Amino acid sequence: MLVPSSNTALEPLTAVLAAPLAREVGIHFSRFRVTRIGLDADADAQFSTEPILAAAELLADARASVIAWNGTAASWRGFDTDAALCAAIEARTGCRATSAIVDLNAALARLGIRRLGLVTPYTQDVEAAIVANYARAGIEITASRRADRSDNYSFADIPPAAVHAMCRDVAATGVDAIAIVCTNMRGPGIVTAIEAEFGIPVLDSIAVTLWGSLRALDIDTAPLSRFGRLFALPAP
């Protein structure tokens with residue numbers, strides 16, 4: 001897993017999600033510097049390719065079976081940026097590569113989602129860019145809630161109860177599914193409660209990256225189904 005440097009939620013939450021597979025799956029992490037989320041040039045420069053590839057090479061030293069960029073920048077930067085990044089990681093390291101947004105989009109396609117609810121910690125302009133990118137992909141974001149923050153470290157300070165409330169507000173509008181788009185937001189713990197109450201899938205970015213990584217290795221995700229209906233999907 002490639003992790004934004006100021007992220008504090010991703011690693012411990014991934015460990016909780018993956019615990020039922022601890023005997024067969026080892027998860028390792030490498031960081032590169034990301035401290036602020038925005039659309040300006042300085043914020044965008046944090047996602048330049050070389051620092052990410054340097055972090056990926058360190059994971060390749062551990063003979064990783066798959067390397068996942070566990071961040072959601074492509075949701076506002078453009079989906080093509082993650083396609084190019086995954087290709088670059090594979091070329092540099094010889095390891096298979098995936099990303100949070102590659103896996104989120106695969107899950108949306110698998111579930112046939114067309115009306116999506118969006119929950120993020122981001123500011124209005126970042127949210128608008130995400131909405132526009134999904135519209136171009138044929139998915140309408142019909143409801144959204146955001147925390148209006150740009151400091152990446154602070155995203156993990158949003159209490160799970162607040163994430164739950166944002167998801168409930170979005171779910172009540174009648175969307176087909178909810179995407180929690182951020183890998184430093186404490187979303188995994190509230191997924192099953194929202195799914196039980198509203199009967200729709202909740203796709204948390206931390207969970208969906210783990211799901212996609214396991215599926216890339218043909219590992220059955222059913223043992224993790226208690227964390228959400230995504231993990232219960234049969235292998236394609």
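All values reported here derive from a predicted model rather than from experimental measurement.
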Tell me whether [X] shares a hydrophobic cluster with [Y], the cluster being built from Ile, Leu, Val, Met, Phe, Trp, Tyr side chains joined at under 4.5 Å.
X	Y	answer
I141	V202	no
V208	I200	no
V181	W211	yes
I101	W69	yes
V131	M185	no

What distance separates [X] [atom1] from [Y] [atom2], expressed to the nearest 0.5 Å?
X	Y	atom1	atom2	answer
M1	S30	CE	OG	12.5 Å
R36	D42	CZ	CG	6.5 Å
R110	L230	CZ	CG	9.0 Å
N133	T81	CG	OG1	8.5 Å
L2	S99	CG	OG	10.5 Å
I89	I67	CD1	CD1	6.5 Å

Run the side-chain contact (heavy atoms from CB on, under 4.5 Å) test against [X] and tell me which residues pass, sequence neighbours left out.
X	result
L111	I113, P201, L203, L233
P160	R186, I190
D218	none

Do you know the tightest heavy-atom contact between [X] and [Y]?
X	Y	value
V175	A143	CG1-CB, 4.2 Å
Y134	L108	CE2-CD1, 3.7 Å
F231	T221	O-OG1, 2.7 Å
G187	D204	CA-OD1, 3.4 Å
D148	T123	OD1-CA, 3.7 Å
I178	L116	C-CD1, 4.1 Å

Legend entry - Set of residues satisfying ring pair (Phe, Tyr, Trp, His ring centres under 6.0 Å) with respect to F155, sequence neighbours excluded: Y122
Are any of the side-chain heavy atoms of [X] and [Y] separated by less than 4.5 Å?
X	Y	answer
R146	V126	no
N105	D82	no
L118	V170	no
T98	R215	no

Inset, instruction - Kindly indicate, with the supporting measurements, whether the criterion side chain to side chain contact (heavy atoms under 4.5 Å, CB included) is fulfilled by T35 and N152. - result: CA-CA 5 Å; T35 59; N152 190 74; 5.6 Å; no
Inset, instruction - Just jot down the side chain to side chain donor-acceptor pair (under 3.5 Å) partners of E11, sequence neighbours excluded, or say none. - result: R31
Legend entry - Heavy atoms of other groups near R145 CZ, more than 12 under 6.0 Å: yes
Inset, instruction - Would you indicate whether Y153, at its atom OH, is surrounded by more than 12 heavy atoms from other residues, nucleotides or ligands within a distance under 6.0 Å? - result: no
Please confirm whether the backbone N or O of [Y] pairs with a side-chain atom of [X], one donor and one acceptor, at under 3.5 Å?
X	Y	value
T183	N70	yes
N184	L10	no
T192	F227	no
Q46	A43	yes
E127	T120	no

Legend entry - Aromatic ring pairing F47/F32, orientation class (parallel under 30°, perpendicular over 60°, tilted between): perpendicular
Inset, instruction - Please assess I27 against L210 for the test side chain to side chain contact (heavy atoms under 4.5 Å, CB included), listing each intermediate value before the final yes or no. - result: CA-CA 10 Å; I27 303 177; L210 178 62; 3.9 Å; yes
Inset, instruction - Could you list all the salt bridge (charged side-chain N to carboxylate O under 4.0 Å, His left out) pairs where at least one residue sits in residues 43-61, not counting sequence neighbours? - result: D44-R77, E50-R92, E57-R92
